[in-house]
Amino acid sequence: MSSKNTIKSSIFSLFILLVAAVFWYFLKELFMWQEGNIIHNLIYASIFFSILIIFSLVYLLLIDNRKIVLISSLLISLSFLPFFLRQNGIWVGKAAIIGYLISAFILLIGYSSANRNLISERKNSIKFYPQRTIMRAVPTFMIVFSILLSVIFYFNFPFMDKDRNIEIKKEHLKKISEPFGDMINRYLPVYYLDITADEFIILNLFLNLPFVQGEEEIEPPVDTREIPVEIENYLMDKGADNLQEIDYMQYLREDKEFRNLFIEEIKKLADEADPYLLGKYRLNISNNWGVEISGDETMDVVYTQLINNKINQVPEGIKNLFLILVAASFFGLLQVVFTILGFIYSFFSWLIIIIMYKAGFYHYRKIEIEKEEIEL
């Protein structure tokens, strides 16, 4: 190979390595699950992944210097390690390191074998059809990347903290609950994320629900028999009779305006409640749910503590099995997506090959072939 071709191959290799590094950067940012940046990072990661795959296929088809291909493939395969071997300034565990290294080795084999197969078909075909050749290489190539991305997803699960405990954050709970807020409140009128624990206690006592009760009967910190004036006026305007036997739950389920008014009155009552008796009810919640509360925290904080405590009481083996199933499902999803994208990537790779031919990056040459055949 001439020095000119070596320079071309080296520059091409460097370009793909740079694209790979940018892709890993945005993928790392995506797996940090930063609020407000997820869509932004997903878009950029998808763009640079597409560029990486398209130009990798072109590269592996055109470059036949095995030494350059092996070196560049090794660097590309290892290029994700600097981005994922450390999390929050701490080295990842041994299992993650082993998983990453095995995945990098599989990716190296994928690049090397794809190059060998593409070059073999390019040189042994009487008439060369780039798009058809690339199409044959895409499925295996995409499976290799699916494996790598699934391994990275497994060790960077969105709800996993640095100690490999599943940790739901209050932001996650809000995001999941918000679209179904009205429906949830109709069937579970005490599920409000923005009320404090003390307000939650008063709400439960007014509705005579068991969530804040303990073994010992405790006097309510407010008079739950007395109907707040604003609520009384509202019910009278609605034509309600016998207010002392009013079914608050029915109104909370059926009347959104009443729900909002009721919660506002509960917040006012909580400010006037007996702090000593409130403290006893807080202790009941702590004992019943296994969470520590001061009364000032909002219920989204309390619910996330409760969920995390329950999840992390699950045996380690079951949690690991769950994560493996999630990663396997992610792998299956990638296979479906990549099957569709494979046709698109093949088409764009073919376009890039045509553009590079027009730009003089490579050229065709005709060679004479001697053929042997048997005759009687």
Enter the distance from [X]:[atom1] to [Y]:[atom2] here, rounded to the nearest 0.5 Å.
X: Leu52; Y: Ile47; atom1: CG; atom2: CD1; value: 13.5 Å
X: Glu265; Y: Glu232; atom1: CD; atom2: CD; value: 11.5 Å
X: Glu215; Y: Asn288; atom1: CD; atom2: CG; value: 9.0 Å
X: Leu107; Y: Leu148; atom1: CG; atom2: CG; value: 6.0 Å
X: Leu269; Y: Thr224; atom1: CG; atom2: OG1; value: 10.0 Å
X: Ile201; Y: Ile218; atom1: CD1; atom2: CD1; value: 9.5 Å

Do [X] and [Y] belong to the same hydrophobic cluster, where Ile, Leu, Val, Met, Phe, Trp and Tyr are linked whenever their side-chain heavy atoms lie under 4.5 Å apart, directly or via other members?
X: Ile71; Y: Ile76; result: yes
X: Leu70; Y: Ile106; result: no
X: Ile355; Y: Leu62; result: no
X: Trp91; Y: Leu81; result: yes
X: Leu30; Y: Ile39; result: yes

Looking only at heavy atoms, what is the nearest atom pair of [X] and [Y], with distance?
X: Leu60; Y: Val69; result: CD2-CG1, 4.2 Å
X: Gly342; Y: Met135; result: O-SD, 4.4 Å
X: Glu199; Y: Ile266; result: O-CG2, 3.4 Å
X: Glu292; Y: Ser286; result: CA-OG, 4.1 Å
X: Thr298; Y: Asp194; result: CG2-O, 4.0 Å
X: Pro220; Y: Leu277; result: O-CD1, 3.6 Å

Is the shortest heavy-atom distance from the side chain of [X] to the side chain of [Y] under 4.5 Å?
X: Ile16; Y: Ser72; result: no
X: Leu205; Y: Val212; result: yes
X: Tyr192; Y: Met299; result: no
X: Phe348; Y: Leu351; result: yes
X: Phe211; Y: Trp289; result: yes
X: Phe83; Y: Leu27; result: no
X: Ile202; Y: Leu278; result: yes
X: Ser103; Y: Phe145; result: no

- Query: For the rings on Phe347 and Phe343, is their centre-to-centre separation under 6.0 Å?
  - Reply: no

- Task: May I ask you to check whether Phe26 and Tyr44 place their ring centers less than 6.0 Å from one another?
- Result: yes

Is [X] reaching over with its side chain to a backbone N or O of [Y], donor-acceptor style, under 3.5 angstrom?
X: Ser113; Y: Ile109; value: yes
X: Arg282; Y: Ser294; value: yes
X: Tyr154; Y: Leu149; value: no
X: Thr140; Y: Ala137; value: no
X: Ser79; Y: Ala20; value: no

- Task: For Phe31 and Phe157, run side-chain contact (heavy atoms from CB on, under 4.5 Å): C-alpha distance rounded to whole Å, both residues' side-chain angles, the deciding distance at 0.1 Å, then the answer.
- Result: CA-CA 8 Å; Phe31 281 147; Phe157 188 68; over 6 Å; no

- Message: Checking Tyr100 now: which residues fulfil ring pair (Phe, Tyr, Trp, His ring centres under 6.0 Å) with it, not counting sequence neighbours?
- Response: Phe80, Phe155

- Query: Residues two or more places apart in sequence or in another chain: which of them pass ring pair (Phe, Tyr, Trp, His ring centres under 6.0 Å) with Tyr234?
  - Reply: Phe258

- Message: Tell me which one of Tyr25, Phe55, Phe338, Trp24 satisfies ring pair (Phe, Tyr, Trp, His ring centres under 6.0 Å) with Phe49.
- Response: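 When ring pair (Phe, Tyr, Trp, His ring centres under 6.0 Å) is applied between Phe49 and each of Tyr25, Phe55, Phe338, Trp24, only Phe338 qualifies.
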
- Flag for Arg66-Asn115: side-chain donor and acceptor within less than 3.5 Å: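 Result is yes, a qualifying pair exists.
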
- Can Thr196 and Asp198 be counted as having a side-chain donor-acceptor contact under 3.5 angstrom?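 No, no side-chain donor-acceptor pair sits under 3.5 Å.
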
- Query: Who are the side chain to side chain contact (heavy atoms under 4.5 Å, CB included) partners of Asp223, not counting sequence neighbours?
  - Reply: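 Applying side chain to side chain contact (heavy atoms under 4.5 Å, CB included) to Asp223 gives Arg225, Glu226.
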
- Run the numbers on Phe105 and Leu101 for side-chain contact (heavy atoms from CB on, under 4.5 Å), then give the verdict. CA-CA 6 Å; Phe105 180 68; Leu101 290 177; over 6 Å; no

- Task: Any chance you could lay out the side-chain contact (heavy atoms from CB on, under 4.5 Å) test for Trp350 and Val58, step after step, and finish with the verdict?
- Result: CA-CA 8 Å; Trp350 174 63; Val58 175; over 6 Å; no

- Is the count of non-hydrogen atoms from other residues, nucleotides or ligands lying under 6.0 Å from Glu219 atom CD greater than 12?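 No, not enclosed.
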
- Message: Walk me through whether Phe331 and Leu334 qualify under side-chain contact (heavy atoms from CB on, under 4.5 Å).
- Response: CA-CA 5 Å; Phe331 175 81; Leu334 287 179; 5.6 Å; no

- Query: How are the rings of Phe12 and Tyr59 set relative to one another: parallel (under 30°), tilted (30 to 60°) or perpendicular (over 60°)?
  - Reply: perpendicular

- Message: Does Tyr303 form a ring-ring contact (aromatic ring centres under 6.0 Å, His included) with Tyr191? I'd like the steps, not just the answer.
- Response: CA-CA 10 Å; Tyr303 288 138; Tyr191 187 78; 5.2 Å; yes

